[in-house]
2 protein chains.
Amino acid sequence: MIGNKENAPAAEIGGLHGVVGFHIRLAHGAVYRHFSETFVGLELTQKQVSVLWLVGDHPGISQIEVGSRLAMDRATTMTIVNRLQDRAFLRRERSMRDGRMQALFLTDAGKAALAKAKTCIESHEAWLKSRFTAAEVEKLVEMLSRIHD
Amino acid sequence: MIGNKENAPAAEIGGLHGVVGFHIRLAHGAVYRHFSETFVGLELTQKQVSVLWLVGDHPGISQIEVGSRLAMDRATTMTIVNRLQDRAFLRRERSMRDGRMQALFLTDAGKAALAKAKTCIESHEAWLKSRFTAAEVEKLVEMLSRIHD
DNA sequence: GCCAATTCGTTAGTAAAGCATACAAAGTGG
DNA sequence: CCACTTTGTATGCTTTACTAACGAATTGGC
């Protein structure tokens, strides 16, 4: 009585099927895996791309700002910024306005990496969105926003 | 020009806002954090609860089955089963049918932990679902399933 | 029945991410 | 000026995830 239908994953998880959080975790895992495949060769993770993107949009942004917009604490933000700095994708500058802050800027290599990353994101997003209509995508984003806002 | 609106997170992330995968990641993080808060004192993670739940629903299930239904590889499944076994929540038995498999069973402690976990999940899910109508929850689950199936 | 291929479990190693704690430096307010 | 807060930094621990290798059991082709 182990449940041996050959391939109906959703039907096989039993009581877990009704748990919304469970589906979010599975969906996140699937997206993460596809992301990793798409970015093999570029060697960038979701977080790293998010940070590059954010710094690209807001040159001079502080680490704490990056962390708060991506829902990461200071220590986690540090490790990611460290990695990106080690790879010379961004640099820190002591902020003039507030000596506590590190202002973050993309290097030229960082800008190039971000540009490549954005084209990868495009195909990754196309894969993701292919299963939805435009209206559904909008609805999905709106519902997910209700969770994380 | 750093963008200093005080608290409109969604509006502040710029180009990232249009990326569906980004919202999934943020939503997952928010759910994960709330889950952790709910389960402090019970000391169980999402994965551990999922495995307990699955073994509870399917006594004698093999590790590989658990892994495939939760989208984890063998090695990852191992570490989780090991932890649960160390805490005496489940036990392995060599399968009679197939000597390669380990049949998994909940111990009494495991059944008790699962029962407690299910009540925690209930309040966690209530928190999560509170922002949606029943129809929206159904639509959300359906859309997430399209991603992970 | 026998050998090759496959499957399942296990071990070890690596890496990302998250969190807690503690400390230093810079700013703020009484 | 002194307490308090904020920001960055350093360290260490935990969970999750993956790879690669190996042994044991099973399966399939012959």
Side-chain angles (χ1 to χ4, degrees), chain A residues 2 4 6 24-26 28-37 39-40 42-51 60-87 90-104, chain B residues 2 4 25-26 28-37 39-40 42-51 60-87 90-104:
Chain A
I2 301 185
N4 37 16
E6 49 290 327
I24 292 179
R25 202 166 59 56
L26 276 193
H28 171 255
V31 170
Y32 185 81
R33 273 187 295 277
H34 184 270
F35 185 99
S36 300
E37 286 167 28
F39 276 76
V40 81
L42 207 45
E43 297 300 326
L44 286 169
T45 65
Q46 288 182 320
K47 291 262 145 156
Q48 289 167 4
V49 172
S50 299
V51 170
I61 194 172
S62 67
Q63 286 186 192
I64 205 81
E65 262 298 302
V66 169
S68 102
R69 294 187 197 192
L70 301 180
M72 305 184 299
D73 67 8
R74 276 171 301 161
T76 304
T77 307
M78 267 290 300
T79 68
I80 293 170
V81 170
N82 282 346
R83 245 192 302 276
L84 292 172
Q85 192 184 33
D86 289 346
R87 293 172 65 185
L90 51 77
R91 64 187 154 72
R92 294 182 233 240
E93 256 179 45
R94 201 104 229 162
S95 167
M96 235 68 59
R97 290 191 300 103
D98 187 332
R100 291 169 300 182
M101 293 192 205
Q102 297 279 21
L104 301 177
Chain B
I2 301 185
N4 38 14
R25 203 165 58 58
L26 276 193
H28 172 255
V31 170
Y32 184 81
R33 273 185 295 277
H34 184 271
F35 186 100
S36 300
E37 287 166 28
F39 277 75
V40 82
L42 206 47
E43 298 300 328
L44 285 170
T45 65
Q46 289 181 319
K47 291 262 145 155
Q48 290 167 3
V49 171
S50 298
V51 170
I61 195 173
S62 67
Q63 287 186 191
I64 204 81
E65 262 299 303
V66 169
S68 101
R69 295 188 196 191
L70 301 180
M72 305 183 299
D73 67 7
R74 277 171 301 162
T76 303
T77 307
M78 269 292 299
T79 68
I80 293 170
V81 170
N82 281 346
R83 245 192 302 280
L84 291 172
Q85 191 183 35
D86 289 347
R87 293 171 66 185
L90 52 76
R91 67 184 193 319
R92 294 183 233 239
E93 257 178 44
R94 201 104 230 161
S95 166
M96 234 70 57
R97 291 190 300 103
D98 187 331
R100 292 169 299 182
M101 295 192 200
Q102 295 281 21
L104 301 177

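Note on naming: letters A, B, ... go to the chains in the order of the sequence lines (proteins, then strands), and numbering restarts at 1 for each one.
Axis deviation across the helix from dG1(C)-dC30(D) to dG30(C)-dC1(D) amounts to 30°, comparing end segments of five pairs, rounded to 10 degrees.
The side chain to side chain donor-acceptor pair (under 3.5 Å) check on Q46(B) picks up nothing, with sequence neighbours excluded. In this structure L70(B) satisfies the side chain to side chain contact (heavy atoms under 4.5 Å, CB included) test together with L16(A), F22(A), S50(B), V51(B), L54(B), V66(B), M72(B), sequence neighbours excluded. In this view, R100(B) and D98(B) satisfy the salt bridge (charged side-chain N to carboxylate O under 4.0 Å, His left out) rule, not counting sequence neighbours. Considering only residues two or more places apart in sequence or on other chains, D73(A) meets the salt bridge (charged side-chain N to carboxylate O under 4.0 Å, His left out) condition with none of them. R74(B) meets the side chain to side chain contact (heavy atoms under 4.5 Å, CB included) test with I64(B); sequence neighbours excluded. The ring-ring contact (aromatic ring centres under 6.0 Å, His included) check on Y32(A) picks up nothing, with sequence neighbours excluded. R83(A) pairs by the side chain to side chain contact (heavy atoms under 4.5 Å, CB included) definition with Q48(A), T79(A), I80(A), not counting sequence neighbours. Residues forming a side chain to side chain donor-acceptor pair (under 3.5 Å) with R91(B) (at least two apart in sequence, or on another chain): E93(B).
When DNA chain D is scanned 5' to 3' for any atom under 4.0 Å from a heavy atom of chain B, the first and last hits are dT15(D) to dT26(D).
The separation between D73(A) atom CG and dT21(C) atom P is 12 Å, rounded to whole Å. Here the C1' atom of nucleotide dA24(C) and the CZ atom of R94(A) are 10 Å apart, to the nearest Å. dT10(C) atom P lies 14 Å from atom CE of M72(B), rounded to whole Å. We find that CD of Q102(A) is positioned 14 Å from P of dA25(C), with the value rounded to whole Å.
For the atom pair CG (L84(B)) and CZ (R92(B)), the distance works out to 9.5 Å, reported to the nearest 0.5 Å. To the nearest 0.5 Å, atoms OG (S62(B)) and CE (M101(B)) are separated by 5.0 Å. The CD atom of Q102(A) sits 11.0 Å away from atom CG of L90(A), with the distance rounded to the nearest 0.5 Å.
In terms of position on DNA chain C, the residue among A71(A) and Y32(A) whose nearest nucleotide sits closer to the 5' end is Y32(A).
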Table of protein N/O atoms under 3.5 Å from nucleotides 27-30 of chain C N/O atoms:
{"from": "dG27(C)", "atom 1": "OP1", "to": "G99(A)", "atom 2": "N", "distance (Å)": "2.7"}

Item checked: Trace of the side chain to side chain contact (heavy atoms under 4.5 Å, CB included) decision for R69(B) with I61(B) -> CA-CA 11 Å; R69(B) 295 188 196 191; I61(B) 195 173; 4.2 Å; yes
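F39(B) approaches L44(B) most closely through the heavy-atom pair CB-O, 3.5 Å.
For R33(B), taking side-chain heavy atoms from C-beta onward, the closest of the listed nucleotides dC19(C), dG9(C), dA16(C) is dC19(C).
Scanning residues 75-83 of chain A for heavy-atom distances under 4.0 Å to DNA chain C yields A75(A), T76(A), R83(A).
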